[in-house]
J.: 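Take this structure first; my questions come after.
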There are 4 protein chains.
Amino acid sequence: MPRPPGHGPGFEVRRQKIIDTAAELFARQGYAATSVNDLGRAVGLAKGALYYYIDSKENLLIEIQSRVMAPLLSRAREIAALDADPLVRLRLLSESLLTIIFRRLDHIWVYEHDYRSLTGDYLQTLLGQRAEFERLVRGLLTKAMERGSFRAVDPHVATLQFLNLHNHTYQWVKPDGHWDAAYLSRAYCDTLLRGFGAPGAALPDVEEAAEAFKRDRPDLPLDPEAEWRSASVAS
Amino acid sequence: MPRPPGHGPGFEVRRQKIIDTAAELFARQGYAATSVNDLGRAVGLAKGALYYYIDSKENLLIEIQSRVMAPLLSRAREIAALDADPLVRLRLLSESLLTIIFRRLDHIWVYEHDYRSLTGDYLQTLLGQRAEFERLVRGLLTKAMERGSFRAVDPHVATLQFLNLHNHTYQWVKPDGHWDAAYLSRAYCDTLLRGFGAPGAALPDVEEAAEAFKRDRPDLPLDPEAEWRSASVAS
Amino acid sequence: MPRPPGHGPGFEVRRQKIIDTAAELFARQGYAATSVNDLGRAVGLAKGALYYYIDSKENLLIEIQSRVMAPLLSRAREIAALDADPLVRLRLLSESLLTIIFRRLDHIWVYEHDYRSLTGDYLQTLLGQRAEFERLVRGLLTKAMERGSFRAVDPHVATLQFLNLHNHTYQWVKPDGHWDAAYLSRAYCDTLLRGFGAPGAALPDVEEAAEAFKRDRPDLPLDPEAEWRSASVAS
Amino acid sequence: MPRPPGHGPGFEVRRQKIIDTAAELFARQGYAATSVNDLGRAVGLAKGALYYYIDSKENLLIEIQSRVMAPLLSRAREIAALDADPLVRLRLLSESLLTIIFRRLDHIWVYEHDYRSLTGDYLQTLLGQRAEFERLVRGLLTKAMERGSFRAVDPHVATLQFLNLHNHTYQWVKPDGHWDAAYLSRAYCDTLLRGFGAPGAALPDVEEAAEAFKRDRPDLPLDPEAEWRSASVAS
DNA sequence: CATGAATGAGCTTTCATTCAT
DNA sequence: AATGAATGAAAGCTCATTCAT
């Protein structure tokens with residue numbers, strides 16, 4: 001997103017801080033119920049000054065959506081491409097998704113709640129990205145069925161169960177509670193893998209395999225460096 | 001909810017129509033983003049005339065929430081009190097919940113999305129009712145564990161999985177699609193009962209038992225007569 | 001004020017009741033802050049039915065003003081024309097004015113407070129009537145000076161003192177308190193007659209003379225029959 | 001009343017101008033009958049911009065009431081505490097009150113007419129301040145009776161006469177007429193002191209004594225510097 | 001006589017956005 | 001880089017009034 005030329009070094013830092021704060025407010029009060037005034041007060045900047053950093057209120061919403069979508073999709077692509085049992089990949093994908101939810105709960109609230117306030121092109125882009133994520137999940141589930149690990153169920157319905165189970169978590173999770181992403185991911189996958197599992201099939205030790213991957217690549221659930229690289233995600 | 005005295009016979013009919021329309025608009029655009037003007041245009045009434053039927057915009061939200069909560073909770077209580085295997089009761093509860101979601105998708109959107117726009121007493125009441133529903137689910141899950149049908153898992157986490165799976169459905173379901181509430185309920189419970197099931201336990205034929213109940217009481221998932229009786233739910 | 005022809009016998013009764021109630025509400029809440037709805041509720045009539053009896057909200061204000069002005073001015077003319085010492089006539093006029101204030105405090109509130117909400121012709125008429133009342137008072141005061149009962153003071157300023165003293169009473173008087181119109185009138189006139197009195201002049205026993213008049217004509221302060229004859233007052 | 005931080009130098013000036021204009025409009029049309037739109041038009045500002053300066057319409061009313069009450073009560077306290085004959089103090093208090101009425105006639109209109117539109121805490125505060133003022137007057141009248149300067153009359157009724165006489169002046173006075181506060185005060189006190197005076201008592205030369213005080217303290221009737229300092233009045 | 005229903009203008013207030021400085 | 005000031009549109013809601021029945 002190109003800016004007018006000649007910005008000082010602090011520009012981007014402050015800009016990111018503003019988006020952070022916006023996510024917090026939008027999550028707490030809703031996008032429509034949060035005023036630009038509220039945001040200005042929260043970041044300690046007069047309304048006029050805010051517009052030096054942001055283009056519009058809707059643009060903030062877009063940025064927040066991107067911040068969720070970009071790392072999520074980039075990690076999902078990577079995990080789906082791993083050379084590992086589909087069950088293990090599902091387990092890793094689950095933890096990656098839950099990790100983002102735990103780390104940036106407010107962004108997720110906005111992502112889940114207010115994406116329908118978006119209009120025009122960006123909404124289309126976003127829906128496309130959501131569809132891609134869904135396809136990645138479905139691909140793994142289908143592979144597990146083909147291998148005989150899972151019963152033959154409608155892959156679409158199975159995918160939606162996977163997504164329901166994970167995506168609704170933001171509604172009640174508390175980031176500083178006594179559960180973490182790894183714990184919940186294990187519990188969810190326990191249910192799903194058994195639930196989808198073919199009657200006779202002996203499921204591999206998914207947990208151990210996932211552990212091994214995470215030992216090698218601690219950034220696998222969520223890259224901490226590029227965490228909020230809001231670079232647009234090529235679809 | 002008694003109205004000021006002296007309203008003609010058409011009053012209540014039109015009033016219900018207005019609430020219906022409001023649910024539709026709120027679902028599509030969000031509560032905060034829908035103006036009373038929009039609603040007036042949609043029902044073909046000037047803004048002023050609208051207020052002849054409604055008390056306030058927030059009151060519409062309350063009515064919509066009640067229309068979801070009242071039948072849901074009343075049915076849930078009844079099902080939980082049935083003399084049947086907890087697994088069967090879970091299956092019936094699942095279908096009841098999904099039936100409401102299918103029948104009044106727009107109400108559910110509002111119910112799930114905009115309950116945080118409520119203020120004051122009613123919000124407290126609503127949260128209390130949601131908590132009661134959650135307790136009913138947890139009670140059945142716990143009983144299934146005590147009987148040895150389910151593995152010993154954290155009942156709280158199990159409850160949340162049940163709710164995640166069902167409650168997120170509104171996000172993608174299409175009421176006129178090729179799935180119905182019974183089909184989805186079967187799929188969800190297939191996953192959950194197997195997923196939670198104790199390794200050696202032979203699960204009973206839940207589907208057949210549930211069918212029997214529904215044959216006897218076709219209104220069990222959702223009473224069609226009193227469907228939207230928005231009578232307040234005694235807590 | 002001619003009505004559409006063919007009104008039943010109860011019409012005028014109910015109409016008067018409505019004006020009474022309006023005066024009560026206007027006095028309590030102010031003319032602008034009282035809605036036609038409030039009035040309807042107070043008289044137990046739907047808004048639509050009200051307009052069968054009244055022409056408009058402003059018209060109510062006019063009627064209330066008339067109900068004060070008509071008896072006040074009619075009595076004032078009569079008293080001013082009496083064959084009696086000007087001091088006695090002032091005393092009788094004072095009591096007449098205070099009697100109206102006590103009897104219809106709410107009308108007086110409206111009269112004093114909201115006459116400026118009137119527009120057009122009627123406001124002019126009303127101001128003319130107020131001026132006439134003022135002239136009657138001034139006439140009596142002037143006569144008292146000419147006779148040497150009063151010091152020579154600016155008659156205009158003296159008149160305004162008389163009016164200030166009486167007309168502001170509505171602000172704090174309580175009709176069911178332990179003072180009545182006669183008591184206050186005596187107190188006010190005590191102050192005024194002594195205050196205006198010429199240094200050497202021996203003031204007559206005004207109280208006794210006034211008593212005599214009232215014995216003969218108990219209706220002198222305020223005609224109870226024609227009390228609210230809202231017939232328009234010829235100016 | 002500190003404003004949100006960071007207002008330019010012109011802010012307070014314009015703010016005061018707006019309150020002035022509001023007083024003018026409220027006086028002419030009444031508080032309830034004056035719209036924020038009217039006010040905006042009168043000060044040449046769009047409705048939205050007005051709210052940059054004011055908090056609410058009711059707040060304007062509060063400020064106007066304060067502008068009357070604060071200087072009035074502060075001066076009244078000071079005068080009541082003077083070491084002088086109660087009659088002289090009454091004379092000074094009278095002139096102080098009339099001076100405020102002359103100087104800010106529109107504020108007084110609002111003060112007298114629309115105080116009942118106030119709600120909540122501020123109304124209570126205001127009524128308390130009005131009661132205090134009344135107590136100060138009554139105190140002086142009582143002292144004059146104790147000294148034998150005045151006849152023994154009901155102090156409450158005497159107080160109300162003092163207040164009626166002065167407070168109703170706003171109804172007809174014209175600030176640019178040929179009378180001023182000093183003239184009217186002299187006339188009113190002439191009437192009251194003689195009217196209340198004990199039969200045999202030789203009243204001191206109140207006018208001369210009052211003149212002496214005013215020569216020493218030209219700001220005694222009304223401090224011109226802090227004239228509209230709307231600082232809250234400690235009760 | 002009286003009602004329920006409707007309207008359109010107006011109310012107070014908040015909003016996202018702009019811009020000269 | 002940031003501010004104070006301004007705008008015009010729109011928000012939720014109330015109002016006086018009308019009228020078919």
Side-chain angles (χ1 to χ4, degrees), chain A residues 4 6-8 10-11 14 32-40 44-60, chain B residues 3-11 14-15 32-40 44-60, chain C residues 4 6-8 10-11 14 32-40 44-60, chain D residues 3-11 14-15 32-40 44-60:
Chain A
H7 280 311
F11 180 87
R14 188 144 211 183
T34 302
S35 77
V36 175
N37 235 343
D38 293 340
L39 181 55
L45 228 39
K47 245 187 320 187
L50 265 190
Y51 278 85
Y52 181 72
Y53 294 97
I54 69 175
D55 287 338
S56 70
K57 197 186 163 192
E58 187 176 3
N59 203 265
L60 283 170
Chain B
R3 293 277 121 204
H7 277 308
F11 181 87
R14 186 143 210 184
R15 188 166 179 280
T34 302
S35 79
V36 175
N37 242 339
D38 293 340
L39 181 55
L45 230 36
K47 232 184 335 178
L50 261 191
Y51 278 87
Y52 182 68
Y53 294 95
I54 70 174
D55 288 335
S56 68
K57 194 186 164 193
E58 186 175 4
N59 206 271
L60 282 171
Chain C
H7 280 311
F11 180 87
R14 189 145 209 184
T34 301
S35 77
V36 175
N37 237 343
D38 294 340
L39 181 55
L45 229 38
K47 244 187 319 186
L50 265 190
Y51 277 86
Y52 180 71
Y53 294 97
I54 69 174
D55 288 337
S56 70
K57 196 186 163 191
E58 187 177 1
N59 202 266
L60 283 171
Chain D
R3 293 278 120 204
H7 279 307
F11 180 88
R14 186 143 210 184
R15 186 167 181 279
T34 302
S35 79
V36 175
N37 239 340
D38 293 341
L39 182 53
L45 230 36
K47 236 183 328 182
L50 262 191
Y51 278 86
Y52 181 70
Y53 293 97
I54 69 175
D55 289 334
S56 68
K57 194 186 165 191
E58 187 175 3
N59 206 271
L60 282 171

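In the text below, chain A, chain B and the rest are named by the order of the sequence lines, each starting its count at 1.
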J.: Which atom pair, heavy atoms only, marks the closest approach of A:Ala32 to B:Ala32?
T.: CB-CB, 3.4 Å
J.: Calculate, to the nearest 0.5 Å, the distance between atoms OH and CG belonging to B:Tyr51 and B:Asn59 respectively.
T.: 10.5 Å
J.: Whole angstrom is fine here: how far is it from CG in A:Asn59 over to C1' in E:dA16?
T.: 14 Å
J.: For B:His7 and B:Tyr52, test the side chains for any donor-to-acceptor distance below 3.5 angstrom and give the result as yes or no.
T.: yes
J.: Nearest 0.5 angstrom please: B:Thr34 OG1 to B:Leu60 CG, how far?
T.: 10.5 Å
J.: For nucleotides 6-12 of chain F, read 5' to 3', which letter fits each nucleotide if B means a protein heavy atom sits under 4.0 Å from the base, S means only the sugar-phosphate is that close, and - means neither?
T.: BBB-BSB
J.: Kindly write out the residues that satisfy side chain to side chain donor-acceptor pair (under 3.5 Å) with B:Ser56, not counting sequence neighbours, or none if the list is empty.
T.: none
J.: Whole Å only: how far is the CG atom of A:Leu39 from the P atom of E:dT17?
T.: 12 Å
J.: Please, what dot-bracket string fits DNA chain F when only Watson-Crick and G-U pairs with both distances under 3.5 Å count, crossing ones use [ ] and pairs to another strand use |?
T.: .||||||||||||||||||||
J.: Side chains of B:Ile54 and B:Arg15: closer than 4.5 Å at any heavy-atom pair?
T.: no
J.: Which residues pass the side chain to side chain donor-acceptor pair (under 3.5 Å) test with B:Asn37, sequence neighbours left out?
T.: none
J.: Please check: side-chain N/O of D:Lys47 versus main-chain N/O of D:Leu39, any donor-acceptor pairing under 3.5 Å?
T.: no
